[in-house]
Amino acid sequence: MGFVSGLKCRECGREYSTEPIYVCEFCFGPLEAVYDYSKIRKAVSRKKIENRDENLWRYRELLPIDGEPQVGLYSGFTPLVKADNLARELGVKELYIKDDTVAHPTLSFKDRVVAVALTKAKEFGFDTVACASTGNLAHSVSAHGAKAGFERFIFIPATLEASKIVASLVFEPNLIAVDGNYDDVNRLCSEIANKYRWAFVNINIRPFYAEGSKTIGFEIAEQLGWRAPDNVVVPCASGSLLTKVHKAFKELKEVGILKSADTRIFAAQADGCNPIVTAIKNDTDVIRPMKPDTVAKSLAIGNPADGFYAYRVVKDSGGFGEEVTDDEIIEGMKTLARTEGIFAETAGGVTVAVTRKLIEKGYIDSNELTVICVTGNGMKTQEALQGRMSEPIYIKPNLQAFEEALKKK
Ligand SMILES: *Cc1c(COP(=O)(O)O)cnc(C)c1O
Ligand SMILES: [Zn+2]
């Protein structure tokens, strides 16, 4: 048995039973899973967690499932890399990269949320899963869904990077490329979700899906020796991941695993799609939707579903937000690769470049411990680097040619 007692509206507090629903019938507020923390407090301990397999299900008491984990048994528990070279470059004392570029099976943090969503979809008895995606979610639903034996419908904007389309198609889902941007795709999917009995991971089972993002926070705390960091920088698309990283530290404290959880949460966006950071900077909780135009396509959500809640978490935690240009994003990707040997996708470039800005402007204290969430692999967005790097040195296959090249270097 699990520890979720039901769902609750985040606005009016009305309670619902555990079903594939996501919005309050009375006020249209989003629904969230409700846990029995006093029961969890008795059921978990650091030791118990540490003795489990190294995957995201080691925190299963704080995830919204009732039975055994069924999907993603190899997902999660990615490295927390001590980034001393990058720390030196950015001028801070203690810096870590939470490295989801090596997430199993599809190299982005979406493997976490989909593992939880599809386990829940099995519990609900769905045979078809679906999603609206900016790319990474498509990969993960396609892959996890293949192994779990689901029929899959994947909806993407037709303009996605070619390499991102291949990385979904290889798993042979039904891939629907929609003539429109992500917000158009999402609107269409909401209509489809009303009509067909499918589990849309980020629509009708979103309350369960979103909880999977907490596992990044749980792992960071455990990998730091059971402590919450001073600062975390999180890339934002819908804003969900940011709110859940914060929730993770608070929950670990609530169930007695952490002594304190006062982490400041920082939002990272591209300036071509920055509705959440704009709200933070203007100090208003009204999120103004915009039309995205950025190389960071996996973050290109112009009308972020959790924007308001992300704004609140940043403000309440004492954090801030920054945005960066496409050039700064590419520079961020190259800096991370050059200093730490990690090839992140454009979203990682956003987060690294934003962290640099936050440090330079004094929003992040250089004597504190900071974690940067790097959420996807650079192999997925190679187009973004085309023409932005040095060329290989071409030579004939003989020693003399090599040595001539060596002299020119
Ligand atoms: C989806 C995604 C995010 C952010 O997700 P939200 O929870 O929607 O804010 C961050 N990074 C990458 C690489 C993603 O694919
Ligand atoms: Zn409500």
Side-chain angles (χ1 to χ4, degrees), residues 7-16 21-32 78 98-101 103 106-114 117 131-141 156 160-161 164 167 182-183 186 201-202 206-207 209-217 233-247 265 267-270 273-277 287 292 294-307 309-311 313-314 321 329 333 344-352 354 372-381 384:
L7 297 172
K8 187 173 175 181
C9 174
R10 294 180 78 169
E11 291 303 318
C12 74
R14 210 171 289 260
E15 299 198 10
Y16 296 83
I21 51 173
Y22 64 109
V23 52
C24 176
E25 285 173 19
F26 294 88
C27 75
F28 301 106
L31 304 183
E32 192 171 39
T78 57
K98 182 55 176 166
D99 186 8
D100 269 15
T101 68
T106 65
L107 309 179
S108 92
F109 103 92
K110 293 295 196 298
D111 291 328
R112 301 170 179 278
V113 277
V114 175
C131 69
S133 174
T134 55
N136 287 323
L137 186 57
H139 300 164
S140 195
V141 174
I156 55 169
L160 269 195
E161 299 99 323
K164 281 209 165 163
Y182 174 80
D183 298 291
N186 200 38
V201 300
N202 54 343
R206 186 176 179 87
Y209 156 89
E211 288 286 288
S213 290
K214 292 190 306 193
T215 59
I216 288 197
V233 188
V234 188
C236 294
S238 72
S240 174
L241 170 64
L242 182 144
T243 65
K244 297 295 180 177
V245 168
H246 178 254
K247 186 178 177 189
I265 311 284
Q269 292 200 296
C273 184
N274 59 350
I276 295 172
V277 169
I287 307 288
T294 166
V295 286
K297 292 202 168 69
S298 55
L299 302 181
I301 297 185
N303 189 9
D306 289 284
Y309 300 103
Y311 161 84
V313 160
V314 167
I329 293 169
M333 292 168 74
E345 70 153 87
T346 44
V350 170
T351 318
V352 169
V354 160
I372 304 177
C373 294
V374 170
T375 46
N377 194 294
M379 298 291 181
K380 295 183 182 230
T381 58

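Both ligands and their constituent atoms are indexed starting at 1 by order of listing.
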Distance dump, ligand 1 polar atoms to protein, N/O, under 3.5 Å:
residue, atom, partner, partner atom, Å
ligand 1, 7 (O), L241, N, 2.8
ligand 1, 8 (O), S238, N, 2.8
ligand 1, 8 (O), S238, OG, 2.6
ligand 1, 9 (O), A237, N, 2.9
ligand 1, 9 (O), S238, N, 3.2
ligand 1, 9 (O), G239, N, 2.9
ligand 1, 11 (N), T375, OG1, 2.6
ligand 1, 15 (O), K110, NZ, 2.7
ligand 1, 15 (O), N136, ND2, 2.8

Do side-chain atoms of [X] reach the backbone of [Y] as a donor and acceptor pair under 3.5 angstrom?
X    : Y    : value
S140 : L137 : no
T101 : N377 : no
D100 : C373 : no
N274 : Q269 : no

- Query: Listing residue and atom name, which protein N/O/S atoms are closer to the Zn ion (ligand 2) than 2.8 Å?
  - Reply: C9 SG, C12 SG, C24 SG, C27 SG
- Message: Rounded at 0.5 Å granularity, tell me how far CG in N202 sits from OH in Y22.
- Response: 10.5 Å
- Task: Given side chain to side chain contact (heavy atoms under 4.5 Å, CB included), test I156 with S133 step by step and report yes or no.
- Result: CA-CA 5 Å; I156 55 169; S133 174; 4.2 Å; yes
- Message: Under a plain distance cut-off of 3.5 Å, with no hydrogens placed, do R112 and T375 share a side-chain donor-acceptor pair?
- Response: no
- Message: What verdict does the side chain to side chain contact (heavy atoms under 4.5 Å, CB included) test give for K8 and E15, after you've listed the backbone C-alpha separation in whole Å, the side-chain angles of each residue and the deciding distance to 0.1 Å?
- Response: CA-CA 4 Å; K8 187 173 175 181; E15 299 198 10; 4.2 Å; yes
- Give me the one residue out of K247, R206, K244 that meets salt bridge (Lys or Arg N to Asp or Glu O under 4.0 Å) with D306. R206
